[in-house]
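Note that ligands are numbered from 1 as they come in the structure, with each ligand's atoms numbered from 1 the same way. Nothing fancy with the numbering, it's 1 onward along the sequence.
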Amino acid sequence: MTSPPSHLWLNALLQALQCVQSAWLSTLYALGVTGDSHGAPAWPWDVRIAGENLVIDVALARQFGGMLAAIAFALACVLLALFWRRAWRWLLATAVGALVLAPWPSPSLWLTAAVPTSFHTSPTGFTVQSISRGSRVYAAQCVACHGADGRGEGPLASTLHRWPPTMASALLSRRADGELFWHVLYGMRDDRGRTMPGFAGRLSDREIWAALDYMRVLSASAGMAAGGSWPVPIALPSLAVKCANGPTRNIAAWRGNQRVRVVAVDADHPPPFEDPRFLTLLVERNGPSPHQASGIRKVAAQRPERTPKANVTTLFGARADCVADDPEAWQVFAQIAGASPSSVAGTEWLADRDGWLRALAPAGRRGWADGGLMCTTSTVLPDGAQAALRADPLTATLRQMDDDPVRFVKGGFVH
Ligand code: HEC
């Protein structure tokens, strides 16, 4: 996967730009300067700063950063001049000098078209329920053009003057959430006319956000089918989790500090042992009916001598017992793995501490293979990591995941 260099400063710049624009929007809304659109403050201008251009053109980002620094420096000089009267001439001359010497990249490069919902974020929480609802919306309204596999080759596609894009790409991550939403709501055009119809009046806002959630899953599975990996890291879907003796909780509570391993279990693939390196979430075939869930555990208990198919060292000897409390989780996770629901048992997924799915061990493959970690920015492992990889691929994968977090999320492009 080709990826822009992971400069930390670039990530910080993009995060800062996003924060400043959002804070500015909230202020305008609080002052009554702008109204709301589809449940959140409406961006009042038809342009915004194009984080997605800065992230793919580091030279432009550098010039843009230089311009901001020069403006900040000039302002600081002017402020200082107000208090330090004796030096005001020198300070103003320095301010003017900084502005003259600053790089001024063309605004057409760092500004892009915006819509009222540009800064909206999805309200769905990327839950399994929303993804499943989205799959029904997609099957009813979108599949004819975008195709069942999301590669833009549905039966209607060849009748359009522009083919729908393939989702086996980073497209959805490159666009702002709110702009995707707007495009589905009001359609898209090019200079030859309408390219995609709008769904305002036919679909509710909630259905559109759900369809976009589903399209992210579709993008993961289309990427798997096309190149054997996810085009970008996909978020671990949110769902209710039931652990042995505890109350039902949402998996989102684990986000932020815990790595999560998801394992698809059935009667032939018993739950693996707990592993202190991550929390383990079991997804059971046909959902967690009390009868079936206990059935699986009984099988596991009857055959303690059996080596678990999961690729995990037995450390504590206790089997994992936190189960996804959602009957549709099996289907959603199978699709993320690019596998059919009937062959996904035994598959494992790993999510990093920020809640991004990063690695996959498909069913039937023993151990996390070399390069099992997807979406890394560094292609060469340091010597220590190479040695660790030979000794224990899973530990190496976890190390690499921690050392190379998902970046540029706010810039509109991951990695
Ligand atoms: C009549 C065919 C057609 C249907 C039906 C259709 N699309 Fe599209 N879609 C397209 C085409 C063509 C494009 C590319 C448009 C362009 O780039 O100008 C597109 C682009 C998109 C994009 C990318 C938007 C972007 O910002 O680049 C998304 C997301 C999308 N469609 C979602 C949907 C969803 C969700 C549905 C169903 C609710 C749907 N589409 C139904 C034809 C269709």
Side-chain angles (χ1 to χ4, degrees), residues 37-38 43 46-53 55-56 111-124 126-127 129-223 226 230-232 234-235 237 332 335 408-414:
S37 168
H38 298 274
W43 183 250
D46 56 8
V47 289
R48 63 173 172 84
I49 295 172
E52 59 272 51
N53 291 358
V55 85
I56 55 173
L111 286 177
T112 189
V115 295
T117 58
S118 278
F119 286 85
H120 285 29
T121 49
S122 173
T124 63
F126 200 59
T127 57
Q129 281 123 325
S130 165
I131 295 167
S132 305
R133 183 180 308 120
S135 76
R136 295 187 281 277
V137 174
Y138 186 88
Q141 305 284 351
C142 325
V143 76
C145 297
H146 286 275
D149 60 2
R151 295 174 76 176
E153 294 166 8
L156 274 190
S158 62
T159 65
L160 307 170
H161 78 263
R162 176 185 286 219
W163 281 71
T166 173
M167 294 298 148
S169 68
L171 176 109
L172 293 177
S173 303
R174 245 186 249 134
R175 303 256 194 276
D177 276 6
E179 290 173 4
L180 289 172
F181 170 76
W182 188 267
H183 292 163
V184 179
L185 198 60
Y186 298 113
M188 293 175 77
R189 309 180 67 76
D190 65 8
D191 35 7
R192 289 172 56 199
R194 200 184 70 178
T195 53
M196 166 161 131
F199 289 86
R202 269 193 285 167
L203 293 177
S204 66
D205 289 5
R206 202 168 112 108
E207 286 169 320
I208 294 178
W209 285 116
L212 290 172
D213 278 351
Y214 177 68
M215 283 180 104
R216 289 185 198 283
V217 169
L218 205 54
S219 166
S221 67
W230 298 313
V232 288
I234 173 166
V332 167
Q335 201 160 8
F408 303 139
V409 184
K410 298 284 182 196
F413 185 70
V414 187

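Of the heavy atoms in E179, none comes closer than 4.0 Å to ligand 1. Contacts of Y138 with ligand 1, taken as heavy-atom pairs under 4.0 Å, are absent altogether. If you look at D190 next to ligand 1, there are no close heavy atoms at all, none under 4.0 Å.
Among all protein heavy atoms, the one lying closest to atom 5 (C) of ligand 1 is Q141 O, 3.4 Å. In this structure, the protein non-hydrogen atom closest to atom 17 (O) of ligand 1 is R162 NH1, 3.2 Å. For atom 23 (C) of ligand 1, the closest non-hydrogen atom on the protein side is L171 CD2, 3.9 Å. The closest protein non-hydrogen atom to atom 27 (O) of ligand 1 is R175 NE, 2.8 Å. The closest protein non-hydrogen atom to atom 13 (C) of ligand 1 is P165 CD, 3.6 Å.
Considering CD of E207 and CZ of F199, their distance stands at 11.0 Å, rounded to 0.5 Å. Between L185 atom CG and H38 atom NE2 the span is 4.5 Å, to the nearest 0.5 Å.
For the residues L218, I208, T195, V143, the heavy atom positioned nearest atom 15 (C) of ligand 1 is part of T195.
Excluding waters, the set of protein N, O or S atoms lying under 2.8 Å from atom 8 (Fe) of ligand 1 comprises H146 NE2, M196 SD.
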